[in-house]
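Since the structure comes first, as structure tokens, the remarks are kept for the end.
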Number of protein chains: 2
Amino acid sequence: MGFTKKHIFDAQQNQIANFTKMIGHPARVSIIQYISQNKDCNCNSLVKAIGLAQPTISQHLAEIRKTGLLNQSVKGKNLFYSINQDKLNESRRLINDFFVKTQVNCSKE
Amino acid sequence: MGFTKKHIFDAQQNQIANFTKMIGHPARVSIIQYISQNKDCNCNSLVKAIGLAQPTISQHLAEIRKTGLLNQSVKGKNLFYSINQDKLNESRRLINDFFVKTQVNCSKE
DNA sequence: AATAAATAACGTAATATTGCAATATCACAA
DNA sequence: TTGTGATATTGCAATATTACGTTATTTATT
């Protein structure tokens, strides 16, 4: 059909899927890396660095923003992005936990 | 358009995106968890446990299989799935590395 | 006020994904 | 060989995603 039956899964499963889905596009991986490496990174610098059109970058930024991973600060006519480190940590723990638990379960018996 | 311009990103960015995209659906999170928790898990038990139709589960299994995360073993007329732990570890390192590097970069200066 | 720069929002075409019914395949049992 | 159970494949409808041209919006500069 095209839509996902989210209601048959629990909150944590949906949380894990939501976050990894957001990372699941190389443009967004690249954007996150670039923002973490460059202070005072705005939309325009991402457009130049990555090579996708401005509306496309803006759209990917919106996807990342939806998960809470981005901070924004307005300086003059620029909008600078940075990584919300609390959210980064929280997400890292969520994903790592998924890996660890999976691994531990595999190793039982 | 619908397709992804993979060629403008590097191998690692595509690798990270590929793997997280596979996890980016709650059914696949649930399937991975279930397989890790239940020895001798076959397609049918997943259909019963998760509540999606057999073709849908089969399709999700194929997506997971594509990343190399699944082992299969035939016993009689059953096909049992288990987690490829080497691949799990490799992927965990890949994703964790992404998180760590992002975090380290954020903390510079 | 007029212009320019930066970015978001809107609209749309192309493609991908999700979910399932129907069907095919494959291995075993009767 | 006929049937049965387990899984994969096919085909399709509904929805989502990706990418971008165009247009609005907002803020600074002249």
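All chains are named by letter (A, B, ...) in the order of the sequence lines, taking the proteins before the strands, and each is independently numbered beginning at 1.
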Anything under 3.5 Å between a protein N or O and an N or O of nucleotides 20-29 of chain D, put it in a table, one pair a line.
from	atom 1	to	atom 2	distance (Å)
D:dC20	OP1	B:Lys5	NZ	2.6
D:dC20	OP2	A:Ala53	N	3.1
D:dC20	OP2	A:Thr56	OG1	3.2
D:dC20	N4	A:Gln59	OE1	3.2

Heavy atoms under 4.0 Å, any strand shown: does A:Tyr81 hit a base, just sugar-phosphate, or nothing?
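It contacts sugar-phosphate atoms only.
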Just checking B:Ser58: base, sugar-phosphate only, or nothing, at a heavy-atom cut-off of under 4.0 Å?
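Base contact - B:Ser58 has a heavy atom under 4.0 Å of at least one base atom.
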Name every residue in residues 28-38 of chain A that has at least one heavy atom under 4.0 Å from any atom of DNA chain D, in order of residue number, or write none if there are no such residues.
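Contacts with DNA chain D under 4.0 Å: A:Arg28.
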Contact list for DNA chain D against residues 41-50 of chain B - heavy-atom distance below 4.0 Å:
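Under 4.0 Å from DNA chain D: B:Asn42, B:Cys43, B:Asn44.
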Considering just the side-chain nitrogens and oxygens of B:His60, establish if one lies under 4.0 Å of OP1 or OP2 belonging to C:dG19.
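Answer yes for this pair, as a side-chain N or O of B:His60 is under 4.0 Å from OP1 or OP2.
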Mind checking what makes salt bridge (Lys or Arg N to Asp or Glu O under 4.0 Å) contact with [X], not counting sequence neighbours?
X	answer
B:Lys6	none
B:Asp97	B:Lys101
B:Lys5	none

Does the side chain of [Y] come within less than 4.5 Å of [X]'s, by heavy atoms?
X	Y	value
B:Leu79	B:Cys43	no
A:Leu94	A:Ile16	yes
A:Val29	A:Gln33	yes

Could you identify which residues cluster with B:Val104, counting Ile, Leu, Val, Met, Phe, Trp and Tyr as linked when any side-chain heavy atoms lie under 4.5 Å apart, either directly or through a chain of such contacts?
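Grouped by the 4.5 Å side-chain rule, B:Val100 form the rest of the cluster around B:Val104.
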Between side-chain atoms of residues 53-62 of chain B and protein atoms elsewhere (two or more places apart, or another chain), which donor-acceptor pairs fall under 3.5 Å?
from	atom 1	to	atom 2	distance (Å)
B:His60	ND1	B:Arg28	NH1	3.0

Backbone of B:Arg92 reached by a side-chain donor or acceptor of B:Asn96 within 3.5 Å:
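No.
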Could you tabulate the donor-acceptor pairs under 3.5 Å formed by side-chain atoms of residues 65-77 of chain A, not counting sequence neighbours?
from	atom 1	to	atom 2	distance (Å)
A:Thr67	OG1	A:Ile64	O	2.7
A:Asn71	ND2	A:Ile83	O	3.4

Whole angstrom is fine here: how far is it from [atom1] in [X] over to [atom2] in [N]?
X	N	atom1	atom2	answer
A:Glu63	D:dT17	CD	P	7 Å
A:Leu61	C:dT7	CG	P	9 Å
A:Leu79	C:dA8	CG	C1'	10 Å
A:Gln72	C:dA6	CD	P	17 Å

Keeping to residues at least two apart or across chains, list the salt bridge (Lys or Arg N to Asp or Glu O under 4.0 Å) pairs with something in residues 45-55 of chain B.
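Of all non-adjacent pairs touching residues 45-55 of chain B, none passes salt bridge (Lys or Arg N to Asp or Glu O under 4.0 Å).
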With rounding to the nearest 0.5 Å, note down the distance linking CD in B:Glu63 to CD1 in B:Ile23.
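These two atoms lie 13.0 Å from each other.
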Nucleic acid contacts - residues 8-26 of chain B versus DNA chain C, non-hydrogen atoms under 4.0 Å
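Listed by number, they are B:Lys21, B:His25.
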Reading DNA chain D from 5' onward, which residue's closest nucleotide shows up sooner: B:Ala62 or B:Thr4?
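Going by which nucleotide is closer to the 5' end, it is B:Ala62.
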B:Ser45: what forms a side-chain hydrogen bond (donor to acceptor under 3.5 Å, both in side chains) with it, not counting sequence neighbours?
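Result, side-chain hydrogen bond (donor to acceptor under 3.5 Å, both in side chains) vs B:Ser45: B:Asn42.
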